[in-house]
Protein chains: 2
Amino acid sequence: MTDAHQRSGCPINLSLEVLGDKWSLLIIRDMMFGNRRHFRELLTKSEEGISSNILADRLKTLLEQRIITREDDPTHKQKGIYSLTEQGIELLPVLAQMAAWGYKYLPVTEELGIRARLLSEGGPKMWTEFMDELRESHLGAKRRRRSGPSVGERLQAAYESVVNGR
Amino acid sequence: MTDAHQRSGCPINLSLEVLGDKWSLLIIRDMMFGNRRHFRELLTKSEEGISSNILADRLKTLLEQRIITREDDPTHKQKGIYSLTEQGIELLPVLAQMAAWGYKYLPVTEELGIRARLLSEGGPKMWTEFMDELRESHLGAKRRRRSGPSVGERLQAAYESVVNGR
DNA sequence: GCAACCAGTTGCAATTCGCAATCAGTTTAG
DNA sequence: CTAAACTGATTGCGAATTGCAACTGGTTGC
């Protein structure tokens with residue numbers, strides 16, 4: 001896991017060297033949209049069933065790359081709380097574009113596609129708002145009060161609506 | 001390489017099952033920005049040095065996923081011409097966001113970062129124009145004549161300007 | 001004819017992946 | 001107080017993937 005073997009200084013290549021595998025972006029996704037902040041939450045509450053050694057390894061590299069941080073949970077001596085950094089939060093547009101593409105071309109299920117659809121329809125303006133919400137919950141940033149439900153709440157409500165209403 | 005083991009119907013997960021490795025998106029990148037259309041071009045003219053068996057394997061899965069197509073080159077009985085499909089062309093926003101993120105946070109070299117910078121500054125409007133150009137060169141689509149150099153030409157000129165002018 | 005070029009394929013060693021079991025400390029229920 | 005459950009991982013091991021180098025069978029240009 002040494003970072004000595006850099007292939008080129010191309011931004012796409014460098015991004016892929018950090019994120020180019022089947023799990024890293026899924027962990028980010030769960031932290032962003034599923035509000036998972038503990039190891040166990042990421043391990044058990046995901047659709048795909050990552051195994052614990054892979055999760056531990058990916059969290060380690062995401063920490064090294066400063067995409068997430070880890071701090072102790074004051075309520076539990078063993079729990080750690082993982083948070084997105086600004087750098088991690090700014091992966092949202094990447095995920096949003098990837099979700100939009102997958103939604104358009106791959107066999108997405110209805111309940112898991114609804115977030116992608118809303119996020120795609122909302123466009124960059126909605127992404128920016130959601131990123132501000134993430135800055136509040138992950139970085140403790142102050143945020144102007146908005147009227148109405150947050151983007152996170154709207155996405156979650158839409159998801160539950162599809163799940164319950166079928 | 002059977003596609004039986006699908007992990008979930010989430011659009012991000014499905015996208016990662018197709019593109020979640022260190023090479024697939026680099027091949028797409030070279031086809032889009034480097035105008036590589038033949039096996040040898042993709043093999044030898046890339047910064048990163050993919051090996052031929054990996055390239056052959058990735059081209060195969062990209063074909064299966066309908067992200068690219070392959071046709072015989074009429075000028076050479078052995079050459080194949082790889083082209084992006086509409087589905088492949090619409091990966092441009094994903095690459096653009098990934099490039100913008102990498103440009104902002106990773107140790108990108110000046111000459112390889114200039115395209116990312118221009119594409120990021122140009123925004124979705126420039127992406128749309130570039131996608132139209134790709135539709136012309138890869139799908140044979142007719143395109144309204146534009147005044148001035150194309151996006152592809154502008155990116156290439158900027159790259160060469162940095163390479164020569166340092 | 002022959003060297004260079006074409007798109008891959010093959011063999012093999014090294015690495016990574018994925019599953020299951022396990023670990024040691026912490027908290028909670030009774 | 002004790003036992004069970006929970007915490008964030010770690011370990012062992014077989015399977016799959018990766019990466020390098022050599023090679024194949026054919027085509028093209030000189």
Side-chain angles (χ1 to χ4, degrees), chain A residues 1-8 13 16-27 30-31 34 36-65 68-83, chain B residues 1-8 13 16-27 30-31 35-65 68-83:
Chain A
M1 199 56 69
T2 56
D3 43 8
H5 48 74
Q6 190 193 90
R7 298 181 298 188
S8 91
N13 176 57
L16 286 172
E17 293 203 29
V18 177
L19 303 165
D21 72 274
K22 297 208 190 305
W23 291 112
S24 299
L25 284 173
L26 289 184
I27 295 171
D30 284 348
M31 290 183 72
R36 319 256 190 271
R37 306 290 290 270
H38 305 291
F39 190 92
R40 282 289 145 173
E41 288 179 334
L42 289 164
L43 185 65
T44 60
K45 292 185 184 171
S46 91
E47 290 278 335
E48 291 86 9
I50 190 171
S51 46
S52 58
N53 53 347
I54 307 285
L55 176 58
D57 180 79
R58 293 304 183 280
L59 287 173
K60 203 176 105 194
T61 60
L62 289 173
L63 279 168
E64 287 167 3
Q65 297 293 329
I68 60 174
T69 55
R70 193 210 133 114
E71 53 194 323
D72 291 335
D73 185 334
T75 73
H76 189 303
K77 283 187 180 172
Q78 266 186 320
K79 272 186 179 172
I81 303 180
Y82 292 98
S83 301
Chain B
M1 199 54 69
T2 57
D3 44 7
H5 49 73
Q6 189 193 90
R7 297 181 299 188
S8 91
N13 175 59
L16 286 171
E17 293 202 28
V18 177
L19 304 165
D21 74 273
K22 296 209 191 303
W23 291 111
S24 299
L25 285 174
L26 288 184
I27 295 171
D30 284 348
M31 290 182 71
N35 214 34
R36 318 257 190 270
R37 305 291 289 270
H38 305 291
F39 190 93
R40 281 293 141 175
E41 286 178 335
L42 289 163
L43 185 66
T44 59
K45 292 185 185 172
S46 91
E47 290 278 334
E48 291 86 9
I50 190 170
S51 45
S52 58
N53 54 346
I54 307 284
L55 176 59
D57 181 80
R58 293 304 183 280
L59 287 173
K60 203 176 105 193
T61 61
L62 289 173
L63 280 167
E64 286 167 3
Q65 297 292 330
I68 61 174
T69 55
R70 193 210 132 112
E71 54 194 322
D72 291 337
D73 185 334
T75 73
H76 190 303
K77 282 187 181 171
Q78 264 184 322
K79 273 188 179 174
I81 304 179
Y82 292 98
S83 301

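Chain A is the first sequence line, chain B the second, and so forth, proteins listed ahead of strands; every chain is numbered from 1. Here the structure is a predicted model, which means the values were calculated and not measured. The figures here come from the full heavy-atom set of this structure, side chains too, leaving out hydrogens, waters and symmetry mates.
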Colleague: Could you tell me the separation between the CZ atom of R40(A) and the CG atom of L55(A), rounded to the nearest 0.5 Å?
Modeller: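 Those atoms lie 9.5 Å apart.
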
Colleague: Do W23(A) and E48(A) come close enough that some side-chain heavy atom pair is under 4.5 Å?
Modeller: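 Side chain of W23(A) against side chain of E48(A), heavy atoms only: contact under 4.5 Å found.
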
Colleague: Could you say whether G49(B) or H38(A) is positioned toward the 5' end of DNA chain D, judged by the nucleotide with the nearest heavy atom to each?
Modeller: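 That would be H38(A).
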
Colleague: Counting heavy atoms from C-beta on, name the nucleotide in dA20(C), dG8(D), dC20(D) closest to the side chain of N53(B).
Modeller: dC20(D)

Colleague: For dC17(C), take OP1 and OP2 only and decide whether either is under 4.0 Å from a side-chain N or O of R58(A).
Modeller: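 Affirmative; the distance criterion is met.
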
Colleague: I need the CG-P distance between L59(A) and dA9(D), as an integer number of Å.
Modeller: 7 Å

Colleague: Between I50(B) and L43(B), is any pair of side-chain heavy atoms under 4.5 Å apart?
Modeller: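 SC-SC contact between I50(B) and L43(B) confirmed.
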
Colleague: Heavy atoms, side chains only, cut-off 4.5 Å: are D73(B) and H38(B) in contact?
Modeller: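 Sidechains of H38(B) and D73(B): in contact.
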
Colleague: Once you round it to whole Å, what is the distance between C1' of dT27(C) and CG of D73(A)?
Modeller: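 Between C1' of dT27(C) and CG of D73(A): 12 Å.
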
Colleague: Give each protein N/O atom lying under 3.5 Å from an N/O atom of nucleotides 24-28 of chain D, with the pair distance.
Modeller:
from    : atom 1 : to     : atom 2 : distance (Å)
dG25(D) : N2     : Q78(B) : NE2    : 2.6
dG26(D) : N2     : Q78(B) : OE1    : 2.7
dG26(D) : N3     : Q78(B) : OE1    : 3.2
dG26(D) : N3     : Q78(B) : NE2    : 3.3
dT27(D) : O4'    : Q78(B) : OE1    : 3.1
dT28(D) : OP1    : K77(B) : N      : 2.9

Colleague: Can you tell me the distance, in whole Å, between the CG atom of L43(B) and the C1' atom of dA22(D)?
Modeller: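 For the pair L43(B) CG and dA22(D) C1', the rounded distance is 14 Å.
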
Colleague: Answer yes or no: is there an ion pair linking R7(B) with E17(B), defined by an N-O contact shorter than 4.0 Å?
Modeller: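 Looking at R7(B) and E17(B), the cut-off is met.
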
Colleague: Quick one, I68(A) and I27(A) - any side-chain contact, counting heavy atoms below 4.5 Å?
Modeller: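 Heavy-atom side-chain distance check fails, nothing below 4.5 Å.
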
Colleague: Rounded to whole Å, how long is the line connecting atom NZ of K79(A) with atom P of dT7(D)?
Modeller: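 Distance, rounded to whole Å: 6 Å.
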
Colleague: Tell me the interatomic distance from I81(B), atom CD1, to dC6(C), atom C1', rounded to whole angstroms.
Modeller: 13 Å

Colleague: Mapping S52(A) and Y82(B) onto DNA chain C by nearest heavy atom, which one lands closer to the 5' end?
Modeller: Y82(B)

Colleague: Ignoring backbone atoms, test whether W23(A) places a side-chain nitrogen or oxygen under 4.0 Å from the OP1 or OP2 oxygen of dC17(C).
Modeller: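 Result: no.
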
Colleague: Compare the minimum distances between each of dC17(C), dT10(D), dC20(D) and the side chain of I54(A), then state the nucleotide with the smallest one.
Modeller: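 Nucleotide nearest to I54(A)'s side chain: dC17(C).
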
Colleague: Measure from NZ on K22(A) to P on dC19(C) and round the result to the nearest Å.
Modeller: 14 Å

Colleague: In whole angstrom, give the distance that lies between atom CG of D57(B) and atom P of dG8(C).
Modeller: 12 Å

Colleague: Rounded to whole Å, how long is the line connecting atom CG of L55(A) with atom P of dG8(D)?
Modeller: 9 Å

Colleague: Strictly below 4.0 Å, N to O, side chains only: are D21(B) and R58(B) in salt-bridge contact?
Modeller: yes

